[in-house]
Every structure is written in C-alpha cells, then in structure tokens.
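Just below is one structure, and these are the notes that go with it.
Below, read A as the first sequence line, B as the second, and so on, with proteins coming before strands; counting in each chain starts at 1.
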Amino acid sequence: MNEPAPDATPGLGWGRRYLMCPPDFFGVFYEINPWMHTEVQVDAERARRQWEGLVSTLKQAGAEVELLEAAPGLPDLVFTANAGIVNGKQFVAARFRHPQRQGESAKDVAWFSAHGYRVDHLPPGTNHEGAGDALPFGSVLVSGYRFRSDAVSHAEISRLTGAAVRSVELVDPRLYHLDMTFCPLDSRRAMVAPLGWDRYGLRVLASLVPEPLFLEDDEALSLCANSVVVGTTVVMPTCPPRLGRALEAWGFDPVECDVSELLKAGGGCRCLTLALDVELGKAPS
Amino acid sequence: MTGEALPAREVVELEGHIIDSLILAKVLDLIVAAGADYQVLDVEIGRSNVDQSHARLEVRAADQASLSRLLDKLQVHGVNRASGGDATLVAADCDGVFPEGFYSTTNLPTSVRLGGEWHEVENPEMDCGLVVLPDGAVRTVPVHRARAGDRFVVGHDGVRVEAPSRPRDGVRFEFMTSDVSSEKPKATLIAQVAERVRAAKASGGKVLAVCGPAVVHTGAGPQVARLVHDGWVDVLFSGNGFATHDLESNVFGTSLGISVREGAPVEGGHANHLRVINSVRRYGSIAAAVEAGYVKSGVMFECVRRRIPFVLGGSVRDDGPLPDVISDVVDAADAMRAALPGVAVALMLASTLHAIATGNLLPAWVETYCVDINQAVVTKLADRGSHQALGLVTDVGLFLRTLADQLCSGAA
C-alpha cells in the first residue's frame, strides 16, 4: 500500500510511524468534553480488542507502531495524539488545559527523553494539546485554538520549532480538537469540517488546501475526520458512504476501524496515535 | 468615531502568524463589531513564511467596563495587554506619612492596575497618595489621612492617567476657546453658563458655589440668596468674611460699615461686622441665629432654611470667627472633601483663597467657572493644576444678576 495515489499527487510525507498506548487503565472517570458521560460504562475488554484492531490495521497499512506504557490513574494516556508536537528529533510537550490530564505529561516526556528526543516545554500558563491541535499541511503547521489550546501558544510553538503556523479558531465544543475537524490526506487534499471552524479559518483553508473535502455536519459529528492516513489508506472510526466514495474517487482506500468504546471518551483513530515521523516545515516532494 | 467619545484605552499586542492566519483581521473586526475603535500603533510583518509578525494596537472603548469585556474576548485570540505589570504597593510605616516614592496624584481620571485588572480611582484629587483598600478599591488620600499599614501605590508602573478632555457630553463652549475672557460679550457667556448649570441639574448633578466677600460688597448677595432659594445651589463653600458680611448686610444693611443701598459710610458702621459676629457667637451657630429670628434674609439664611450644606473655612486674619467657621484648615479641607461627591458644576465667585482650595479638591471632570474682576485669579487657578477651570473676567455683581435672572423666576 505504499504506492502513491493514482493521480500521482505527492503524499503527506509523514504518517508511517506512530506512538500508541494500550487502554489498560482506560475508562470514562471524568467529563471534560461533551462526549464523556461517567454513567456510560466502558467495556474494557472490548476497548482492548478495538485498540489492538487499530494497531494491526495500521501495521497492515504499512505503519510502524511504538508503545508507551499505560499508567493507572491516567485513563486518557491512551490518546497519545495529545502528548505533544513531534518535529524530527524534537518533542514539544503538551500543556493540558484540564488538571485531569496534566499528569500525562511526565509519562510522555519520560518516553521521548528515553528515546533520544530533545524535549522542549511551553511557558507555564499556556495551554496546547499537542498534535491533537496541530497537524502539518504542506510546509505549515495548522493549529487550533480556543477549547484546549491557547492562541498565544502558537507563537511559542513557532519559535520552538521554526514552523510557520496557521491558527484556526475552533467554534464547536463537540469538535474541541483540531484533529476532529481537519485531516490532511496528501499534499493537496484534506478533509475539513466547516462546522468546527470560523469563517476566518475557512478563508485561510481556501488559500492553503487546493482540494478540500468538506464534511457535512452530521458526518463531522461522527468524528470521521479523526482518521489516520498511512500512504493511501485512510483508517477511520466510521466512514459515511458519501465520504467513502469521494475518498475512493481520489484513489484513497478508506478502512473503517471500530473504536466505539474509545469514542465514549471523545477520541477516534487519530486521537489514539501520535505520528513520530513528522518534520515540520518540509513540504512533501 | 473619535477618540474623545471613547475615553477608555489600552495598548495591546499580538504576535505569531497573525497575517496569514487572518487573526489580525479577525481581531480588528471584533473590535469594531463591539462598538469600540482601534489605532494600529505598529505592525512588523515577517519577511518569510516562517517569520512571525507582531502588531501593537491601541483599543478604545466607551468605558472601562466595556473595554475590559472586549479585551477578555480578544485574549482568546492571543491578544495581550502591552502595558507592563501591576502597580507596586508599599504599606505606610507610620500615620500621616506616605511611603517613600509614593505616587502623587493629579485631578484627572486615573486607573491603577492590580492583578492584571485596571481599577478606576474613585475620587480623583490632586496632590494626594493612592491607597488600595482591602476590597481592591483605589482612593486618593491626603497625606494627613495616611495610616500605618495602608497600602499605597509607589512609582508610576501600573498607573494610567486619562488625558484631560472638554466636558463629557460633547457640548462645546465656543466662548471658552481662550480660557480667560475679558473681551467677549458677557450676557451671551453668562447665558451659556446658565445653560450648563441647568443641564447639570437636569442630569442629577450638584452645583457648588464658592463665594468671596466681594459678592456681598458688590451688592450681589441677594442674587446668590435667590439662587439658593430657588434650588440652584446645592453646596456652599466660603469663609468667615463672606458669611459675616452676608449676615451684616441682612441685619444692619451694611457691608464693612458701608450701606449696601447708598454706598455711604454709616455712623459706627465699622463695628457692625463685629457686633454680628458677637451676636451669632451668643446664639451658638448661624442656624440658631436664624431660628431665633436674628437673621431674616440673605445667603446664609437661605442655606439654613433650605438645609443646603455649607463649609466655612477659617484663616489667620479672621475676626471672631463665626462659630460655624472651621478654624483648623486641615479639618476644613476634609469637610469640603466630604461635601464634594455628586458635584458637577463649580462656580468660583470672586474668591481667591477658597477657589484655589476648592480647585485643589475637585476632580478634573467637574465643570468649573471662575468669575473674578481680576484676571490673575483665573490664571492662578489654572496654574495650580485646575486646568478645567474656565474663566470670566467680569464684575461678579453683573455675573450673578444675569445668572439669577436667567435661572430664577420672579424678583429677589
């Protein structure tokens, strides 16, 4: 599945190596987003099977998966996308908005330090939730703000990584991270949920993404943008038929991967992964 | 929109890829949509795609509250207040003394930054210190009122003073373009002052009259009495001289022994003012003298009858003085301070010492009209920091007669 899309558009240039964390201590123990309801039971065994299914789907698509050890008391550590921003061998650690998740940072930093990354930190008092709110597209880093990440953090991220940032205000609390509204597919295309962006963000998008694939509002709320792209394979928590046809017409291979237990905490396939092969500022060639 | 109509201001900064991300455009749109205004102070645009841009704006809003709301809204988009930090506070180490380096006030609207928030000074007064109360309120305090442990602002950091502006409702005083005027047609000018007094009363403001003895000497006492009687004066500041001559002229018909009617000396008249002081001292107060029927007319009579608060401040050359005179000048100034809240218009009428004393206490937003035959008094008031004082160089008798005719119905 490593072949380029049929019309020879260069791919993303990243997305073949991921950090993931098994859902050993996963559950909905607090409510920090509109999807979380503590009265909803999580089937731990089913969650485990779904997570393993995602790992094997990614591997089948040609990706490598590295593991972060789960930790008790940190149920959301499973959503590694929020650990921080990876840029080559640099790791900018997230600063979580909610105290419930702030304990994750120490685990994330320990892993990246142990694996030879230079770890940088954002100044205290600034929030940014890592790749969950920052996805590279072309030579820029698109970063969301409002619900979890602060707009002021974008300037700091740019200083630390040298990346040009495009700041996008997220406007729907149900789509509280950028990766629930935006999914880069290749060098020219991305899935976008207009429901989650304001009109300024959509104008920025128009000059940034030559061929956007706009999601209908109900499609966006199925969290289908929270997908992982490995070459031409798009691993999706759900794939509405219209979207599947559109992706296929572009030469992509949409694969549904049931992560419904993990969706109870408001995170899909993308949230469960952190791409390790990202080099910011490098346009795919 | 003009800056004048939007007096609350704050300099803010934002940086990052604010041009390509349309963040700057959005911020400017939000400012305008909120009914506020901005001036771009400087924008540094990054040269390459990777370089960040930086913008500094002055945001202007109608008042501090709406400015704060707007800035909170803008903060989400990465907009931060540019002005340094909070004000520095130091506790006074003994009573009656400010901490070293204390901030010395002007009479202009002033705000102090504490915990990132701007707090408006409640009672601007020049030549005071700024004390921060436990509830975060900020007040001016004269040095003699400082108490050990009170927290005072020191230095200039975190203190913001609004530039002086002409009367807030935007009504123009065309005649006041030269602040001191002896050359203009007086009747029109006085009619405009009457209009300002009317407007101030209509919007719930108080009118303060500060009277010198010349008011009585020029025969204009009955005009002031008329204004008090008809409710155009809410507070009176004066001294022993004015009150004595007002009482003398109403009891004996003389002012410093000269008949107010005929202008000629009266037999034994030189002692009249002392006889009045002596009698009122026997009654115990001006009010008691009015109650007893000793005084039956005049400014002080009308003040007592209408329960208009008056403060008589003493001086070293006073005869007597009258029992109502506060001879400790620090106490007198405190009594004047206490009577000031709500005052919107101050009329300084042929008074030098009391006019300057009052000018020292007034916030800059109080419309102040200084009427004196001597241009130096008007100039002196402005030179001592009461820049809002607008002067009419004219005979106070003429001024008061015209003003009373404009405002009052019927004869005196």
Side-chain angles (χ1 to χ4, degrees), chain A residues 87 97 122-123 125-128 133-173 176 178 182 197-209 279-283, chain B residues 10-34 36 38 40-57 59 68-86 113-117:
Chain A
N87 176 33
R97 172 86 73 204
L122 293 167
T126 3
N127 296 122
H128 195 281
D133 262 336
L135 290 166
F137 187 87
S139 61
V140 307
L141 183 67
V142 180
S143 188
Y145 73 89
R146 181 173 269 276
F147 300 112
R148 298 302 185 86
S149 300
D150 300 329
V152 284
S153 67
H154 294 181
E156 194 57 33
I157 285 165
S158 172
R159 254 192 295 279
L160 288 170
T161 62
V165 177
R166 293 292 173 272
S167 305
V168 172
E169 183 182 358
L170 302 175
V171 294
D172 191 311
Y176 54 90
L178 179 79
F182 182 59
W197 288 26
D198 75 345
R199 61 191 172 93
Y200 297 89
L202 290 170
R203 269 165 60 196
V204 170
L205 177 93
S207 62
L208 186 68
V209 181
E279 277 198 56
L280 297 177
K282 269 200 175 170
Chain B
E10 180 83 53
V11 175
V12 297
E13 293 179 307
L14 64 164
E15 62 169 349
H17 296 93
I18 54 175
I19 310 281
D20 291 334
S21 297
L22 298 180
I23 295 291
L24 182 59
K26 174 170 12 186
V27 164
L28 300 184
D29 287 354
L30 285 169
I31 293 170
V32 173
Y38 61 85
V40 177
L41 301 178
D42 53 68
V43 179
E44 232 175 90
I45 297 178
R47 285 197 196 85
S48 74
N49 188 31
V50 174
D51 287 346
Q52 300 195 26
S53 301
H54 180 272
R56 229 158 51 90
L57 318 170
V59 185
S68 294
R69 272 197 304 277
L70 175 60
L71 293 182
D72 286 350
K73 218 163 127 189
L74 297 182
Q75 203 170 22
V76 172
H77 308 288
V79 175
N80 280 319
R81 289 173 165 93
S83 39
D86 284 356
R113 192 176 141 129
L114 302 163
E117 298 269 314

Problem - Region of Y200(A) that comes under 4.5 Å of a non-hydrogen atom in chain B - result: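 Looking at Y200(A), backbone and side chain both touch chain B.
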
Handout entry: For D42(B), salt bridge (charged side-chain N to carboxylate O under 4.0 Å, His left out) partners two or more places apart
Key =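 Only R56(B) meet the salt bridge (charged side-chain N to carboxylate O under 4.0 Å, His left out) criterion with D42(B).
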
Problem - Reported NE2-to-OG distance for the pair H17(B) and S53(B), which is rounded to 0.5 angstrom - result: 7.0 Å

Closest heavy-atom pair and its distance - [X], [Y]:
X: I23(B); Y: Y145(A); result: CD1-OH, 3.5 Å
X: V209(A); Y: F182(A); result: CG2-CE1, 4.4 Å
X: P136(A); Y: L141(A); result: N-CD1, 3.7 Å

Problem - Contact origin within Q52(B) toward chain A - heavy atom pairs under 4.5 Å - result: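 Side chain of Q52(B) only, per the 4.5 Å heavy-atom cut-off to chain A.
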
Does [X] use its side chain to pair, donor to acceptor, with the backbone of [Y] at less than 3.5 Å?
X: D86(B); Y: G115(B); value: yes
X: D133(A); Y: L178(A); value: yes
X: R148(A); Y: Y176(A); value: no

Completion exercise
Looking only at L208(A), D198(A), V140(A), the option with the highest number of non-hydrogen pairs under 4.5 Å against chain B is D198(A)

Completion exercise
Most contact-rich option vs chain A, by heavy-atom pairs under 4.5 angstrom, among D51(B), L14(B), D20(B), is D20(B)

Practice task
Pick whichever of G78(B), G16(B), S21(B), S48(B) has the most heavy-atom pairs under 4.5 Å with chain A.
Solution key: S21(B)

Problem - chain B-proximal positions within residues 153-160 of chain A [heavy-atom distance under 4.5 Å] - result: A155(A), S158(A), R159(A)

